[in-house]
Amino acid sequence: MKPPSLRAPWRFVAPNTCLAGVQSRFLHRTRPPHAIPPPRPFVPDVTTFLTLIGRGLSKHASKFPSWESLFSLTSPELKELGIEPPRNRRYLLQWMQRYRKGALGPGGDFEFVRDGEALLKVATPPASVISDAKWVVNVPKDDGDAPSLEALPRPKGYTVRGLKSIAGPHATPLPQDAGAVVKVTEGLWEQRRGRKIDGGERRRSEIRFKRRSAERRAEREAALG
């Protein structure tokens, strides 16, 4: 056994695992909270947001009393609320982060929305714009409140086909080429799940190996019979 005088200096060199654990927990607790993004005209509340991103998450809307409560939750807290399976929690957190960054789905840039519906119309660019291409603009349903053409939002993903037809995600044409309507619908922003082939990436090699072994076994038995 080493004398105490030789062991003592090593106390200052060896890391204190207990202290390190306390420090890591302290740092975790002092991380800045997630930013709370503002609602948008097409996404005014929690129910609408969960409806748009789909995967049946709208059934959990009652678990979030406010917009702020949803966007301040972490994965463990979502688990405590009963958001299952885990892939649904990951999907919801991914969409919350996308929303914070402004990476939205169709209609996220609408400015004039009433009762979950946005009205789109075809407009001819003003004379100051040197272009023959017509615009798709989002207009108020009450024409009396419509701003000038230059101030009307031109939503992404919507184009003019032919003379007056509007094409784009979930754009329902109005009679007599009077424009189109886009409504909040279940899964409008949903990202479809990938289809697993042979058990997915984790089990694919194992499943294919077993399949080849079974095929070779069947060939040998057929040759012997």
Side-chain angles (χ1 to χ4, degrees), residues 28 31-121 136-141 152-159 161 166-174 179-197 199-203:
H28 177 72
R31 287 177 181 174
H34 291 299
I36 308 297
R40 295 172 179 258
F42 199 59
V43 198
D45 50 41
V46 172
T47 301
T48 305
F49 177 71
L50 297 180
T51 299
L52 286 170
I53 65 176
R55 296 199 182 180
L57 289 170
S58 58
K59 66 183 179 183
H60 299 294
S62 60
K63 298 177 180 179
F64 308 104
S66 66
W67 181 268
E68 291 74 15
S69 67
L70 170 63
F71 279 89
S72 62
L73 292 175
T74 62
S75 182
E77 291 169 337
L78 290 174
K79 183 178 181 180
E80 292 178 2
L81 290 175
I83 310 299
E84 297 287 353
R87 64 173 176 266
N88 280 0
R89 292 197 298 273
R90 291 193 297 268
Y91 178 72
L92 176 55
L93 289 169
Q94 288 169 3
W95 256 113
M96 289 161 61
Q97 188 62 15
R98 285 174 59 90
Y99 189 94
R100 290 188 184 96
K101 294 180 178 180
L104 310 177
D109 53 355
F110 291 160
E111 294 183 14
F112 302 107
V113 182
R114 181 184 295 178
D115 300 327
E117 296 185 1
L119 177 60
L120 306 180
K121 288 191 175 183
V136 175
V137 292
N138 172 215
V139 301
K141 287 192 173 182
L152 289 173
R154 297 169 58 189
K156 297 178 181 179
Y158 295 90
T159 58
R161 287 185 180 176
I166 296 177
H170 291 253
T172 303
L174 295 174
V181 171
V182 180
K183 301 180 181 180
V184 171
T185 55
E186 178 72 29
L188 180 61
W189 294 0
E190 183 172 349
Q191 296 175 340
R192 304 297 178 183
R193 296 191 187 99
R195 185 170 62 91
K196 289 187 176 181
I197 300 176
E201 294 182 2
R202 295 183 180 180
R203 300 185 56 200

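Rounding to the nearest 0.5 Å gives a distance of 6.0 Å between CG of Leu78 and CE of Met96. Atom OH of residue Tyr91 and atom CG of residue Leu57 lie 7.5 Å apart, to the nearest 0.5 angstrom. Of the inter-residue distances, the one linking Leu152 atom CG with Lys121 atom NZ reads 10.5 Å to the nearest 0.5 angstrom. Rounding to the nearest 0.5 Å gives a distance of 10.0 Å between OG1 of Thr172 and CG of Leu120. Once rounded to the nearest 0.5 Å, the distance linking CZ of Arg100 with CD of Gln97 reads 5.5 Å. Rounded to the nearest 0.5 Å, atoms CG (Asp115) and NZ (Lys141) are 6.5 Å apart.
Residues satisfying the ring-ring contact (aromatic ring centres under 6.0 Å, His included) criterion with Phe42, sequence neighbours excluded, are Phe110. Residues forming a ring-ring contact (aromatic ring centres under 6.0 Å, His included) with Trp67 (at least two apart in sequence, or on another chain): Phe71, Tyr99. By the side chain to side chain contact (heavy atoms under 4.5 Å, CB included) test, Ser72 is found to be paired with Ile36, residues two or more places apart in sequence or in another chain being considered. Taking Pro65 as the reference, Ser69 meet the side chain to side chain contact (heavy atoms under 4.5 Å, CB included) condition, with sequence neighbours excluded. Take Arg40 and apply the salt bridge (Lys or Arg N to Asp or Glu O under 4.0 Å) test, not counting sequence neighbours, and it matches no residue. With sequence neighbours left out, Arg154 forms a side chain to side chain donor-acceptor pair (under 3.5 Å) with no residue at all. Here Glu84 pairs with Arg89 under the side chain to side chain donor-acceptor pair (under 3.5 Å) rule; sequence neighbours left out. Looking at residues two or more places apart in sequence or on another chain, you find a side chain to side chain donor-acceptor pair (under 3.5 Å) between Glu77 and Thr74. For Pro173, the side chain to side chain contact (heavy atoms under 4.5 Å, CB included) criterion is met by no residue, not counting sequence neighbours. Take Glu80 and apply the side chain to side chain donor-acceptor pair (under 3.5 Å) test, not counting sequence neighbours, and it matches no residue. When the ring-ring contact (aromatic ring centres under 6.0 Å, His included) test is applied to Phe64, no partner is found at least two apart in sequence or on another chain.
Remark: the backbone N or O of Pro153 is not paired with any side-chain donor or acceptor of Asn138 at under 3.5 angstrom. With hydrogens and angles disregarded, a donor-acceptor distance shorter than 3.5 Å links the side chain of Trp189 to the backbone of Pro106. The backbone N or O of Lys156 lies less than 3.5 Å from a partner atom in the side chain of Asp109, making a donor-acceptor pair.
Ala61 and Leu50 make their closest contact through CA-CD1, 3.7 Å (heavy atoms, listed as atom of the first residue, atom of the second, distance).
Exactly one of Val46, Thr47, Thr48 qualifies for a side chain to side chain contact (heavy atoms under 4.5 Å, CB included) with Pro44. That residue is Thr48.
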Can I get a per-line list of side-chain donor-acceptor pairs under 3.5 Å for residues 180-188, giving both atom names and the distance, sequence neighbours left out?
from	atom 1	to	atom 2	distance (Å)
Glu186	OE1	Ser58	OG	3.4

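Side-chain contact check for Phe49 versus Leu92: some heavy-atom pair is nearer than 4.5 Å. Looking at heavy atoms from C-beta onward, Phe112 lies out of side-chain contact with Pro41 at the 4.5 angstrom threshold. Under the 4.5 Å side-chain criterion, counting only non-hydrogen atoms from C-beta, His60 is not in contact with Asn88. Between Pro38 and Val43 the shortest side-chain heavy-atom distance does not fall below 4.5 Å. Looking only at side-chain heavy atoms (C-beta outward), Leu119 and Leu174 come within less than 4.5 Å of each other.
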